[in-house]
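Note that the coordinates shown come from a computational prediction; the quantities given were computed from them, not determined experimentally. Residue numbers start from 1 in every chain, and the chains themselves are labelled A, B, ... in the order their sequence lines are given, proteins ahead of strands.
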Amino acid sequence: MSTQTLQPTAPAPRTFGAPVLEASGVVMRFGGLTAVNDVNLTVREGEIMGLIGPNGAGKTTFFNCLTGMYKPTEGEVKFLGTVLPPKPRSVVKAGMARTFQNIRLFGNMTALENVMVGRYCRTNAMALTSIIRGPKYRREEAESRRIAQEWLDFVGLGHTSEHLARNLPYGDQRRLEIARALATDPRLILLDEPTAGMNPKETEQAKDLIFRIRDKGLAVVVIEHDMRFIFSLCDRVHCLVRGETLIEGSPQEVQSDHRVIEAYIGQPDEDEEEMVAEAHAQDEAAPSTPAATDGRMKEDRA
Amino acid sequence: MTTSSSPAPRTKTAVGNPRPSPQWWLTLAGAVLLVASAFLSWCYVPALLGDLSIDAYPGGLQMLMVIVGVIAIFFLVLRSGRMPSMDTLLDSARALKALSATAAGFMVLVALVIALQAPGLANANPGLFVGIVGAALMVAGSWQMASDPLVDPITVRLPSWVEILVIVVMMTIVLFGAAFALGQEDGTVFCLFLVFLGGVVTALARGGLFSWISVIAARHRQVLMMGALAVAFLFPFTQNGSDANMSIATQVLIFATTALGLNIVVGLAGLLDLGYIAFLGAGAYVSAMMSHSAFAHIGWKPPFIVVVVIGAIVSSILGLIIGSPTLRVSGDYLAIVTLAFGEIFRLTVNNLDGNNGPRLTNGPNGIPGIPDLEIGSFNFGDTHTILGIPLGRFANYYFLMLVVAAFIIMVFTRLNSSRIGRGWVAIREDEKAAEAMGVNTFGLKLFAFAGGAFLAGMAGTIKAHQDVSVTPDQYIFLESAFLLAAIVLGGMGSVAGVLVGATVLKLLPEKLRFVADYRLLIFGLLLVVMMRFRPEGLVPSQRRALEFHADDEDLADRIEEVHLEIAAEPDPAEAKA
Amino acid sequence: MDLFFQQLLNGLTLGSLYALIAVGYTVVYGIVQIINFAHGEVFMIGAFGAMATWTVLFQGNTSLWVLPLMIVGAVASSVVVAVLMERIAYRPLRHAPRLAPLITAIGISVFLQEAIRLFYPGAKSALPFPRIDVVTGTALTLGPLTVRRSAIFTIGSLIVCAALLWFFINRTKLGRGMLAVSQDKDTARLMGINVDRIIAVAFGLGAALAGVAGVAQGLQNNNIDFFMGFLAGLKAFTAAVLGGIGNVMGAVLGGLVLGVVEAMAVQFIPGTFGGSPWKDVWAFALLIIVLVFRPQGLLGARVVDRA
């Protein structure tokens, strides 16, 4: 993987395919607390959608509604035109895969085994076939091994396939999580803070990786706090504040919307303020000082 | 012998004391004396400790000291630098220290026993004192020996026939060791044998032999399996038709087989099942009720193979019922739910005597008088003679159980390394993430319960015939706790571990009759101590060891190294596929 | 109808016993989030402690003033055992996977049962519990109801213990420390609370109540045996879950409900599956139903992290 690819700061306007994901009127309440309120989101084939918002805006909760971890209180989520049952397993099977904000790898399994777990829903070997081990079983097993290895190569971890996931460096663990999600053959991949805790160089690699995923024809939804990253990566950006949609539009539109700036500056945290300001500065100047991305926020899990 | 991939094979001359040093000679003298003493009489009283009174004819216990002495001499030869590649692999100093301590402890214990039971040391013969002096010399000589730097055994390659030979030799030792141990009727002798065994195992472990053997074993898994099976198969032939030992061996095997089934639930799927004995009971009761016993109240008497299938299916249906709460409960609560199910099973078979519910199980009296199995014209009650060696009733059941055990081991290992096994590990590691990656968590957990129950039910159908009767009090909670303990003691998720654990738990109480009353007390203490100091068990699977030592980075690195090394080897089976 | 009230009374007596034991499960769970399955054995130790006190000091004495001293003996022995158990077996496992404390608990249970069976003189079979004036002897009749004297003692103990417990938790410094630790162990530690001590206190508190229960059980049943803790412990655990594990007053309520349900089931389930041979089956069935369908309990305490 090249480390310094020249990516345009804002991608040229592109045309997108049919809608993959259509969420309409999604409401999620926990007791008296409304974490997500009437959010609509449409993601199209080949599109990278950014999901931003200050702490506690309900981004991860919304993710969980999309991926079947939660059953939305109201509203519906359509994937490829059908409403899926609110079960993570069915959602994955239908072609929607995700990563987690706090890495949730299977630490005591090797990298390759982790990715092979991703192949679980695309293979069928059941107990009896696994015990008898006929040629069909062996073909399937070899096939999942091959595909898993390919995805590891794709994210640049081909050489670590036999290492334990827990022994991998942090940045590699994030990429391994993406490989595991990709191994489920998704049409849409949802990345929850894929660059959290990464250094600028790794962030740049992550961006490159996401573009390559998009180029494979997948739709991508990304939650991020790193404004510069989001605005240079996404085709569209959706901003949530206190569980409600503030604005959705192209990076330029969102970036210049005063309500977005207010939403962030309204927070007492100064880092975030700086970050938004910096994102603006970055947008005008050429991307020359990559050391400014450290001031990131942590979103508490909803 | 070659050492590959270590940049510069270290030669011994660089380190340690110059050989042969006075210490070396001292230890050698001690070892030789120890061996020599075995050929002298130790004691006037022939009735004591299996007769140690004859010159030039070592008794069983004396042979043990010959073994210790020979192993010590082997390590001393290593230390003299004659076999450099072997020398870098094994830490002779640490091994010698442990061996000396074993010899000394053993000799002192023998002297004590003679003093107390002969009674009086006046009954001791010079041989005993020669042995004690020998052991003392060994201790004195080896005490100050310095350890040499070692080469990591994973980097050492020997020709594969040597490695396979090592496995075969090891298996043979296991066979004769087991036969010898079972042959000991005298509790004191058995205890001394345990001291010897513990000492030698410690010595070899400290010498680094086992870490090397475990690497070899991982490389030649197939050979190891076949070897173990061959040993288990040959075992009855060492018993000369003695039913007493074969009865114990069969009990151990049934217990181990059931524990292996439970290990699928606990070790692989990571679910705690405290009612597992109920599945064995279900199989046994089905088998008993369909047998020709006068107390069997089911009129249909199908052939045994049909009974096995029915028993296993009934049992796995119970497994499905017991497993169904896993949809909603897990962890401690699941453990309690399974415990409650197990108790309900016991109470139910206790009650179904015609007065409280239908007459099926004969209540607390159970179903006695179950006839021996007859498959075709082969009656399991008869003694058959093969190659001049009589094989009695228990040996017949032993062979049958061996087939079942082999089947369960195959199921276990194949499931473990399949798509389903990966799913189970994923569930153990992080159930939420597994579900989010498309793993059918509920289905897999349910399957673990049903599959484990199926295997236990199968074993149960045989157990009923072997035991002659089934009663509710064979299936109390404590039995489930024993099964679980076999797994915990041996090592979760590993076949070898469960076999070791089951053997220890069943064999020791049989042989240590004089502690029989304290059996459960020791058992309880053992569980507490194991959880405190070695929660992963004696022979753990690597992954389980990591799970119990989540913050041990060194262990993780080490396991990864071994894994990488073994994965790097071309595996013929893989290459074909 | 009289039968109903009689069974209600029997149920409340039984339930008081369960409640006294159940508090131990729930207090410990509230503080350290482990389920101390060896707690039933602590109850058994209490009964034997009371009897040992009587045998050693007051052999043959049946006066009422002996009873408080027997209770002291019971409480002392069960508290010592429980605190030692925490210190030696559970504390080192505080960060171990959840399987470890559970297996340790099984080990402790077996160990304690066997220790009593082997080393308490005559405990290989059931031992007669001492008779005490006033609290044992002929039952009282209250209209149509027969009220056993021991039943009054049992219910009375529960009332007194529950009142003391409430006072302890809500009005003393140590009690408030317990509340703090149950909320957040790390923060409590930062606030200068000695968490290890609080945990030991939690074990001791539960054990004290179990000790009282041991005496009550002895008086009620007339004899005690080394295996009595197994079933009582399981049922008390059911009661704790029923009341919402971690919720102290819930445990009391859960105990009473379980006792009444059990008494009614014995009386009113008709046919061959009714009556006392099946009563434990129904108790276990209730346990399963509660764990599966209402793991948060009747009062809906904190949701147990069931991982």
Side-chain angles (χ1 to χ4, degrees), chain B residues 266 270 272 274 322 324-325 327-344 347-348 350-351 353-358 363 430-432 477-478 480-481 484-485 488 492 517-533 535 547-551, chain C residues 29 33-35 37-38 85 88-89 92-93 95-115 117-119 124 230-231 234 237-238 241 245 271-288 290-293 295 304-307:
Chain B
V266 179
L272 205 48
L274 294 178
I322 294 184
S324 55
L327 185 59
R328 300 177 57 103
V329 273
S330 57
D332 292 348
Y333 277 21
L334 180 64
I336 296 299
V337 167
T338 56
L339 192 163
F341 269 121
E343 285 297 293
I344 288 179
L347 291 164
T348 304
N350 201 38
N351 283 346
D353 57 356
N355 296 325
N356 304 296
D430 187 338
E431 192 168 337
K432 276 266 170 59
F477 165 67
L478 201 61
S480 291
L484 187 65
V488 169
M492 261 173 253
D517 214 21
Y518 297 88
R519 189 171 74 99
L520 289 176
L521 190 81
I522 298 170
F523 166 71
L525 209 55
L526 188 70
L527 284 189
V528 176
V529 172
M530 279 301 282
M531 280 298 116
R532 171 74 183 79
F533 294 104
E547 285 168 27
F548 275 103
H549 298 277
D551 38 9
Chain C
Y29 185 86
Q33 281 81 48
I34 62 164
I35 296 170
F37 288 114
M85 161 175 28
I88 296 169
L93 300 180
H95 301 290
R98 297 202 119 200
L99 186 62
L102 187 65
I103 290 170
T104 297
I106 295 173
I108 297 174
S109 279
V110 174
F111 177 79
L112 290 176
Q113 281 172 19
E114 286 298 300
R117 186 178 75 89
L118 294 168
F119 303 123
K124 290 194 178 167
F230 178 72
L231 206 58
L234 275 176
F237 172 73
T238 315
V241 177
I245 195 151
T272 46
F273 289 103
S276 59
W278 291 94
K279 92 179 151 93
D280 289 339
V281 173
W282 300 127
F284 284 122
L286 183 67
L287 171 61
I288 293 169
V290 170
L291 286 179
V292 173
F293 294 105
V304 179
D305 172 21
R306 296 168 303 166

Is [X] close to chain C through its backbone or its side chain, or both, or neither, when contacts mean heavy atoms under 4.5 Å?
{"X": "B:Leu272", "value": "side chain"}
{"X": "B:Leu274", "value": "side chain"}
{"X": "B:Phe477", "value": "side chain"}
{"X": "B:Leu478", "value": "side chain"}
{"X": "B:Val488", "value": "side chain"}

Kindly indicate whether the side chain of C:Thr104, heavy atoms from C-beta on, has any atom under 4.5 Å from the side chain of B:Leu527.
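No, their side chains stay 4.5 Å or more apart.
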For residues B:Ile336 and C:Val241, determine if any side-chain heavy atom of one lies less than 4.5 Å from a side-chain heavy atom of the other.
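Heavy-atom side-chain distance check fails, nothing below 4.5 Å.
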On a heavy-atom basis, which atom in C:Ala38 and which in C:Ser109 lie closest, and how many Å separate them?
CA-OG, 3.5 Å
Taking every non-hydrogen atom, the tightest pair across B:Ile344 and C:Ala285:
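The pair with the smallest heavy-atom distance is CD1-N, 3.8 Å.
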Looking only at heavy atoms and a cut-off of under 4.5 Å, which of C:Leu118, C:Leu287, C:Ile34 has the most pairs with chain B?
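Most heavy-atom pairs within the cutoff with chain B belong to C:Leu118.
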I'd like to verify something: which residue of B:Asn350, B:Val528, B:Thr338, B:Leu521 has the highest number of heavy-atom pairs under 4.5 Å with chain C?
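Most heavy-atom pairs under 4.5 Å with chain C: B:Leu521.
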Best-contacting candidate, B:Ser324, B:Ala335, B:Ala340, B:Ala485, against chain C by heavy atom pairs under 4.5 angstrom
B:Ala340
What residues, two or more places apart in sequence or in another chain, satisfy salt bridge (charged side-chain N to carboxylate O under 4.0 Å, His left out) together with B:Arg532?
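Salt bridge (charged side-chain N to carboxylate O under 4.0 Å, His left out) check on B:Arg532 returns nothing, list empty.
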Go through the atoms of [X] and report whether side chain, backbone, both or neither lie under 4.5 Å from a heavy atom of chain B.
{"X": "C:Ile108", "answer": "both"}
{"X": "C:Ile103", "answer": "both"}
{"X": "C:Leu93", "answer": "side chain"}

Can you confirm whether B:Lys432 is buried at NZ, in the sense that more than 12 heavy atoms of other residues, nucleotides or ligands lie under 6.0 Å from that atom?
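Counting other residues, nucleotides and ligands, NZ of B:Lys432 stays at 12 neighbours or fewer.
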Roughly how far, to the nearest 0.5 Å, is the CG atom of B:Asp517 from the CZ atom of C:Arg117?
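Reported value, rounded in 0.5 Å steps: 5.0 Å.
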Please report the C-alpha distance between B:Thr348 and C:Trp278 in whole Å, then the side-chain angles of each, then the deciding distance to 0.1 Å, and finally whether the side chain to side chain contact (heavy atoms under 4.5 Å, CB included) criterion is met.
CA-CA 8 Å; B:Thr348 304; C:Trp278 291 94; 3.9 Å; yes
